[in-house]
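Notes for the one structure printed next.
To find a chain, count down the sequence lines: A is the first, B the second, and so on, and within it residues start at 1.
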Amino acid sequence: MKEYKFKLFITGNDYRSENTIRNLKRLCDIELKITYELKIIDLLENPQIAEEEKILATPLLIREFPEPRRRYIGDLSNIKASLLCTESIKNTHRE
Amino acid sequence: MNNKNHVGIEKIKTGIEGFDILSKGGIPRNRTTLISGTPGSGKTIFSTEFLAKGILKSNQTGVFVTFEELPKNIKKNVRSFGWPIDKWEYNKKWAFIDGSPRNDKNVIYGGDFNLNGLIARIKAKIKEIRASRVVIDSLDTMMKRFPSEEVVRRDLLKLKRELEKLDVTTIITSERYEEFGNISRYDLEEFVSDNVLILRNVLNDETRRRTIEILKFRGTDHNKGQYSYTIRKDKGIVIISFIHDLKSSYYSSERSNSGIMELDHMLGGGFLSGSVILVSGSTGTGKTLIGISFIIGGLKESEKCLLISFEENYKSILNKTKYWNYGLDKYEDSGQLEILNIYPEIEGIEDHIVDIKEKIDTFKPNRIVIDSISALERICDVRSFRESLINLFIYIRTKNIIGLFTSTSPTFMGLTTITQRHISTITDTIILLRYIELYGEVKRGISVIKMRDSNHSKKIREFVITEKGLKIKEPFNNVSGVLKGDIIKGGK
């Protein structure tokens, strides 16, 4: 059983998608040293998932576990690692 | 369905009443058109109707992208116009992209992002339901949703290009905070759109007037200026544009009686079919009686007649005619005559005009009398008044019926009023009723001062109201200055 479960929504295999994956790995493996499961979904191939999740902005990382479910928008280049695992978020921005 | 004009920009018909005339064929196909207006000016109604009429009239499906209102609220509005949105959604003729704000506090922005998710959703939905029309409502709520205006601007351009590739015609709404001034708050119009419509809801002299203006359609022709419109619960937006296809107007040399024999002589044989007659006079000169005589003349020829009274009540009209021994009630019972008594103040003039046109469509009269149009002038500004009446006059001509309108002039003797100056040029015939003071007595004078395409008597005659109706007597000879109200005995 992994400690964390993430879903990453990207749109195509461009540099931004690659950056996001690299940033996520850096945050989890190096800074936080956590075990996690990561599922990557390309919305260009699965647009109906974008519809179901009502996704507008990408890349979008969703923390599925632990609760509460949380959404992170952007390539994760500008985020404190601790925000990935914290339970309460104070400085949030509306999506 | 599609109209090409000389520079090769194709348009698609919106199906919105009056708009396709005003825009000379609709909005530019495969382009993006920005609709800007203050809150409550009708942007969302215009855009939902654009999709609804696409389904109803052009068999074109549509995608509605909403960033503010929930789809269920939009659906409620659409249903209130009688459009079967639930069926359309089920049959994939209409689809929503829900971008309304999530009640989700658990969102964090961390780094560069784009709107590719949104673009992917819109593209997929267009392909799924084979949409030809797209609405994005609104630009402002979209801008406010994301922490970077720059990203939204960049991706809007990208979205616009993608939409053009898919051969869809798009409307984007945008809010503005003043009726005049900047087109939209974010100054996006220049770069989002070559085509800009402005909806206004202006308060003027304590009356509200909704208008629509095509500010620009790049590379294609359209009418300029503001046009009044109204929103109808049963049909949506109705624009009072008076530019109609003149070829559809019906001109005839056929004559109809005026209901007064001597007046027929003065008119050179009666009124022309499809003509619009203005009867002008100060209060008490007998305008209503001229109108009723005209109705009775029609009833005697087995014609259907419609009398709309904005001033006198129903009872007093019937009393007048009983006095003359005509029983209008029996014609009403048989359905040959309909008398409507309407308070001018219950709605705007645009709505009155739409009501009258609908009545003409259902009742199909040969003759219509409106007594008086001056009552309508009280409820609107000069421009709405003129536009609305021209619109109605043209409608009457295209239906080949005869319309008689009374107008009250404020002075007892003088000639023109604002009403007459504004609409006299568009009427075919003008009949003037005047008080004339002669030899210490006040008499009534009648004259025909204009008769299109026909000869008529230029004489001013005396007329009297008798128990058997109106009687027109001999011309006033040997006097002049009657029109001016300044009688000189002996004449020229």
Sort by residue number and list every member of residues 18-40 of chain A having a non-hydrogen atom under 4.5 Å from chain B. none
Provide the closest heavy-atom pair for Ala57(A) versus Phe146(B) in the form atom of the first, atom of the second, distance. CB-CE2, 4.0 Å
Measure up the Trp83(B) and Phe81(B) rings against each other and bin them: parallel (under 30°), tilted (30 to 60°), perpendicular (over 60°). parallel
What part of Gln48(A) is in contact with chain B, defined as an atom under 4.5 angstrom from a non-hydrogen atom: side chain, backbone, both or neither? neither
Which residue out of Pro47(A), Ala50(A), Gly12(A) racks up the most heavy-atom pairs below 4.5 Å with chain B? Ala50(A)
Quick one: are Phe113(B) and Leu60(A) in side-chain contact, heavy atoms under 4.5 Å? no
Any side-chain heavy atom of Thr32(B) sitting closer than 4.5 Å to one from Asn195(B)? no
Thr44(B) vs Glu68(B) side-chain heavy atoms within contact, under 4.5 Å: no
Based on non-hydrogen pairs under 4.5 Å, which of Asn78(A), Thr58(A), Ile79(A) is most in contact with chain B? Thr58(A)
Check whether more than 12 heavy atoms from other residues, nucleotides or ligands sit under 6.0 Å from atom NZ of Lys75(B), and answer yes or no. yes
Any salt bridge linking Glu162(B) with Lys165(B)? Criterion: basic side-chain nitrogen under 4.0 Å from a carboxylate oxygen. yes
